[in-house]
Visitor: 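Just passing along the structure, written as structure tokens.
Note that the numbering runs from 1 along the sequence shown for the chain.
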Amino acid sequence: MFTLAGGPGQLAKAVLQGARETLGHVDLRFSAGVHPRIGALDVAPIVYLNESSRGAACAEALVLADLLGAQLNVPVFLYGGLAGGRTRAELRRGGTEALAQRMQAGELRPDFGPSALDPASGAVLVAARPPLVAFNLELEPPATLEQAQAIARLIREGGEAGLPSVRALGLSLASRGITQVSTNIEDYRRTSPGDVVAAVWRHAPVAAVELIGLAPEAALATLPDQIPIRNRATIEDALRDSA
């Protein structure tokens, strides 16, 4: 995961350059992984840090979507507020193969770019959104994949013990010997990372937390001190370092 910082009129072209490099080096036909994705680049959101920047972020996201489709010739699907609330999960359901079939059948049409899917590059999802917190909760052994999947079903929004704004999957990383509940918190002010850890711990002990990308300082402050945090990095630290 890569994070770029910039003002209006800067980000779209910078992300385009990174996307071009990504598509030149990643071929989905020869890649493997357990996390859902539908493209080599997969997702390229424009993130706004406060509500006053929302309009500019939406404009930048639409410019980016147009550039990706026109210059890199990949299908681009909008999600979130730019697409009436459509989610990433809806578009990723079944992976690249299912997406290609839905496009061919006319069920889905890209918002930008070609109407056919290249199996090597796939598609790209674009949105303008506030910061989310993506993190994996590693369960203490001997937790099983079935146990992680059951916990994910319970705690995700809409589940029996569902937490607002939480998306969750149970995954097994055989190469690392790790079973994890992989989560995205789309609004950490409604449900904090600490809330998610507590919800998972009711069903299985958590050995460690692995942060994916950057998160707001206020979100990470809710995590319990006794649990190790891998890849701890905040948006605020990154912005201070780049100033």
Visitor: Any chance you could measure L4, atom CG, to L11, atom CG, to the nearest 0.5 Å?
Guide: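 With rounding to 0.5 Å, CG (L4) is 6.5 Å from CG (L11).
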Visitor: Quick one, L220 and F135 - any side-chain contact, counting heavy atoms below 4.5 Å?
Guide: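 No, their side chains stay 4.5 Å or more apart.
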Visitor: Do the side chains of L173 and V209 join up, straight or via other hydrophobic residues, at under 4.5 Å, putting them in one cluster?
Guide: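 No.
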Visitor: Considering all heavy atoms of both residues, which atom of V181 and which atom of A148 are nearest to each other, and what is their separation?
Guide: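 Nearest heavy atoms, V181 then A148: CG2-O, 3.9 Å.
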Visitor: Begin with the C-alpha distance, continue with both residues' side-chain angles, and end with the deciding distance and a verdict on side chain to side chain contact (heavy atoms under 4.5 Å, CB included) for L139 and V200.
Guide: CA-CA 9 Å; L139 305 182; V200 171; 3.8 Å; yes
Visitor: Would you say D195's side chain and A198's backbone share a donor-acceptor pair under 3.5 angstrom?
Guide: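 Not confirmed, D195 side chain does not pair with A198 backbone.
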Visitor: Within the 4.5 Å heavy-atom criterion, are K13 and Q10 side-chain neighbours or not?
Guide: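 Not touching, per the 4.5 Å side-chain cut-off.
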Visitor: Is there a side chain to side chain contact (heavy atoms under 4.5 Å, CB included) between F2 and T22 once you walk through the steps?
Guide: CA-CA 11 Å; F2 295 92; T22 298; 5.7 Å; no
Visitor: Could you see if I155 belongs to whatever hydrophobic cluster contains V197? Use Ile, Leu, Val, Met, Phe, Trp, Tyr and a side-chain cutoff under 4.5 Å.
Guide: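 Hydrophobic grouping puts I155 with V197.
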Visitor: Is it possible for you to say whether L62 and V126 belong to one hydrophobic cluster, with membership spreading through side-chain heavy-atom contacts below 4.5 Å?
Guide: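 Yes.
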Visitor: Shortest non-hydrogen contact from P164 to T191?
Guide: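 For P164 and T191, the tightest heavy-atom pair comes out as O-OG1, 2.7 Å.
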Visitor: Would you find more than 12 non-hydrogen atoms of other residues, nucleotides or ligands less than 6.0 Å from E90 atom CD?
Guide: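 Yes, CD of E90 has more than 12 neighbouring heavy atoms, counting only those of other groups under 6.0 Å.
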Visitor: How many angstroms lie between atom CD1 of I227 and atom CG of L137, to the nearest 0.5 angstrom?
Guide: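 Those atoms lie 7.5 Å apart.
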Visitor: Could you grab the distance from atom CZ of R230 to atom CG of L211, nearest 0.5 Å is fine?
Guide: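 It is 12.5 Å, given to the nearest 0.5 Å.
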Visitor: Is there side-chain contact between L108 and L91, with heavy atoms separated by less than 4.5 Å?
Guide: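 With C-beta onward as the side chain, the pair touches.
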Visitor: Does any part of the side chain of P110, heavy atoms only, come nearer than 4.5 Å to the side chain of V76, both counted from C-beta?
Guide: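 With C-beta onward as the side chain, the pair stays apart.
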Visitor: Would you indicate whether the side-chain heavy atoms of L125 and R92 approach each other to under 4.5 Å?
Guide: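 Side chain of R92 against side chain of L125, heavy atoms only: contact under 4.5 Å found.
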Visitor: Assess whether a salt bridge exists between R189 and E51, defined as any Lys/Arg side-chain N lying under 4.0 Å from an Asp/Glu carboxylate O.
Guide: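 Salt bridge flag = no for E51 with R189.
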Visitor: Among the clusters formed by ILVMFWY side chains lying less than 4.5 Å apart, do V74 and V26 turn up in the same one?
Guide: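 Different clusters.
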Visitor: Should I46 and L72 be regarded as members of a common hydrophobic cluster, given that ILVMFWY residues are connected when their side-chain heavy atoms come within less than 4.5 Å of each other, either directly or indirectly?
Guide: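 Yes: a chain of side-chain contacts under 4.5 Å links I46 to L72.
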Visitor: Without swapping roles, check the side chain of T222 against the backbone of G194 for a donor-acceptor pair under 3.5 Å.
Guide: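 Yes, because the side chain of T222 sits within donor-acceptor range (under 3.5 Å) of the backbone of G194.
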Visitor: Working note: V196 + I185, criterion side chain to side chain contact (heavy atoms under 4.5 Å, CB included); need CA distance, chi angles, decisive distance, verdict.
Guide: CA-CA 9 Å; V196 175; I185 305 175; 3.6 Å; yes
Visitor: Testing the basics here: between G122 and P75, what is the closest heavy-atom pair and its distance to 0.1 Å?
Guide: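 Answer, listing the atom of G122 first, then P75: O-CD, 3.5 Å.
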Visitor: Quick one: closest heavy-atom pair of A120 and A40, and the distance?
Guide: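 What the structure gives for the nearest pair is O-CB, 4.4 Å.
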Visitor: Which distance, rounded to the nearest 0.5 Å, do you find between the CD of Q149 and the CG of L169?
Guide: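 So the gap between those two atoms works out to 8.5 Å.
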Visitor: If you count every heavy atom of other residues, nucleotides or ligands that lies below 6.0 Å from Q71 atom CD, does the total exceed 12?
Guide: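 For Q71, atom CD is crowded (more than 12 foreign heavy atoms under 6.0 Å).
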Visitor: Can you measure from CE (M103) to CG (L117) and round to the nearest 0.5 angstrom?
Guide: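 If I round to the nearest 0.5 Å, the distance is 5.0 Å.
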Visitor: Can you find a pair of side-chain heavy atoms, one from R37 and one from L28, that are under 4.5 Å apart?
Guide: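 Yes - at least one pair of side-chain heavy atoms lies under 4.5 Å apart.
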Visitor: If we only count heavy atoms from C-beta on, is the V15 to E60 side-chain gap below 4.5 Å?
Guide: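 When only atoms from C-beta onward are counted, E60 and V15 do not touch, as no gap falls below 4.5 Å.
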Visitor: Which atoms form the tightest heavy-atom contact between V63 and A12, and what is the distance?
Guide: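 Of all heavy-atom pairs spanning V63 and A12, the closest is CG1-CB, 3.8 Å.
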Visitor: Once you round to the nearest 0.5 Å, how far does CG of N184 lie from CG of D187?
Guide: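 Rounded to the nearest 0.5 Å, the CG-CG separation comes out at 13.0 Å.
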Visitor: Does any N or O in the side chain of R102 come within less than 3.5 Å of the main-chain N or O of E107, such that one atom is a donor and the other an acceptor?
Guide: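 Not a single qualifying donor-acceptor pair exists.
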Visitor: Which heavy atom of Y188 sits nearest to which heavy atom of P131, and what is that distance?
Guide: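 Scanning both residues completely, I find the closest heavy atoms to be CD2-O, 4.3 Å.
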Visitor: Return yes if some donor-acceptor pair links the side-chain N/O of S172 with the main-chain N/O of L145 below 3.5 Å, else return no.
Guide: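 The answer is no, because no donor-acceptor pair under 3.5 Å joins these two groups.
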Visitor: Show your reasoning for whether side chain to side chain contact (heavy atoms under 4.5 Å, CB included) applies to L49 and L239.
Guide: CA-CA 12 Å; L49 300 183; L239 291 176; 3.8 Å; yes
Visitor: Does any N or O in the side chain of N136 come within less than 3.5 Å of the main-chain N or O of Q180, such that one atom is a donor and the other an acceptor?
Guide: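 Side chain of N136 to backbone of Q180: no pair is present.
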Visitor: For a 4.5 angstrom cut-off between non-hydrogen side-chain atoms, does L214 reach D237?
Guide: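 No, too far: nothing below the 4.5 Å cut-off.
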Visitor: Under a 4.0 Å threshold between the charged nitrogen and the carboxylate oxygen, would R190 count as salt-bridged to E157?
Guide: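 No, this pair does not count.
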